[in-house]
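Contents: one structure, followed by commentary.
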There are 2 protein chains.
Amino acid sequence: MEALDRQIVQLLARDGRMSFTDLGRHTGLSTSAVHQRVRRLEERGVIRGYRASLDYEQADLPLTALISVTPFDPAAPDDVPERLTHITEIDSCYSVAGDESYVLLVRVASPSALEELLAKVRAASNVTTRTTVVLSTPWEDRSPIDRPDAVEVDETA
Amino acid sequence: MEALDRQIVQLLARDGRMSFTDLGRHTGLSTSAVHQRVRRLEERGVIRGYRASLDYEQADLPLTALISVTPFDPAAPDDVPERLTHITEIDSCYSVAGDESYVLLVRVASPSALEELLAKVRAASNVTTRTTVVLSTPWEDRSPIDRPDAVEVDETA
DNA sequence: CGTGAAAGTTAGAACTA
DNA sequence: TAGTTCTAACTTTCACG
């Protein structure tokens, strides 16, 4: 990816609502040049969308957990992610190296909602689960597009 | 949290760049009433910010990993998160129940960058680490504000 | 990639229940 | 306190050079 695109992506990773005008000021491009580049980044799928980053404790989903998933039958074809997409409580699904096959990041309202969710996961796919409850979140969603070689962001412009 | 606020939060969790005009159309409020509520949600910290959701494979940070962290000396005061904040490769830091104390979600450019990062983590805080490499990401950042009792989102309006 | 203009959005003041 | 309408300033979008 090109330096200018990387800079735009970096700025939007930190402030997803930054205007094209401001993106232009920071990058030295005209508004419409930025606009064009952002559209291309969205089309290419580098930018997949924009999200409000929430405090889930305040947003009525105070229980976060990490669920490690292992398929029961190692011989069966592994279509676990497809089988789980419909479960909306799952924020992220990672396929991982190690003893277990997947790690799911989930958000629920209560311990009993977590119990129900685990039942849903096991019902949808033939797996065993190991759940790690998140006690607190010192921080989240920092979008680390702060690469060592990244262009400096001019906070004053 | 109130139903209208929850609906606004839900809409912004899915589309962080939705205009106040559209938020008003979806909620039945005037643009400025929405504007006011969003400002209050930001002030109260329910909405912590807005982020572009990225495809990190395309964004030059193709290696994602989960690092489980255990303090070496269980008697020492536990200030691990503060000691790690400056490490920008760490996207999220969760304090967890279980054998280990924290789980870090990190993004780096390469295996050698991961090696350096682990050295930085161990240098900053007196901990042992266990790293789980993410092989692929079936999905991420779905912002599951789809609670069972949540108001239906009208996609047509 | 930039310019410029039309259409759309934001932010805030004044007002109302 | 929470909402509305009004309006000036700003932003987005797009055809064209």
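Because the structure is a prediction, the values reported are computed rather than measured. Naming: A, B, ... by sequence-line order, numbering from 1 per chain.
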May I have the distance from B/R40 (atom CZ) to C/dG12 (atom C1'), rounded to whole angstrom? 15 Å

Describe the nucleic acid contact of A/S19 in one word from base, sugar-phosphate, nothing, applying a heavy-atom distance below 4.0 Å. sugar-phosphate

Please determine whether the number of non-hydrogen atoms from other residues, nucleotides or ligands lying under 6.0 Å from atom CD of B/E57 exceeds 12. no

Would one find a side-chain N or O of B/R39 under 4.0 angstrom from OP1 or OP2 of C/dA11? no

Distance, rounded to the nearest Å, where A/R17 contributes CZ and C/dT10 contributes P: 6 Å

Between atom CG in A/L23 and atom P in C/dG2, what is the gap in whole Å? 14 Å

Distance below 4.0 Å between B/H35 side-chain N/O and C/dA11 OP1 or OP2: yes

Among C/dG2, D/dT11, C/dG12, the one nearest A/R25 by side-chain distance: D/dT11

Quick check: are there more than 12 heavy atoms from other residues, nucleotides or ligands sitting under 6.0 Å from CG of B/D99? no

Could you measure the distance from the CD1 atom of A/I90 to the CG atom of A/L117? Nearest 0.5 Å is fine. 6.0 Å

May I have the distance from A/Q36 (atom CD) to D/dC14 (atom C1'), rounded to whole angstrom? 10 Å

Please classify the nucleic acid contact of B/S30 as base, sugar-phosphate, or nothing, using heavy-atom distances under 4.0 Å. base

Nearest whole angstrom, please: distance from the C1' of D/dT12 to the OH of A/Y50. 13 Å

Value in whole Å for how far the P atom of D/dT11 lies from CG of A/D15: 13 Å

Which residue in the set B/E43, B/E2, B/E42 passes salt bridge (Lys or Arg N to Asp or Glu O under 4.0 Å) when paired with B/R37? B/E2

Integer-rounded Å distance: D/dC14 P and A/F20 CZ: 11 Å

Would you name the heavy atoms of B/Y94 and A/T137 that are closest together and state the gap between them? CD2-OG1, 3.6 Å

Which whole-number value in Å describes the distance from B/R37 CZ to C/dA11 P? 18 Å

Base D/dT13 paired with A/T31 side chain (donor-acceptor, <3.5 Å): no

Is any side-chain N or O of B/T21 closer than 4.0 Å to OP1 or OP2 of C/dT10? yes

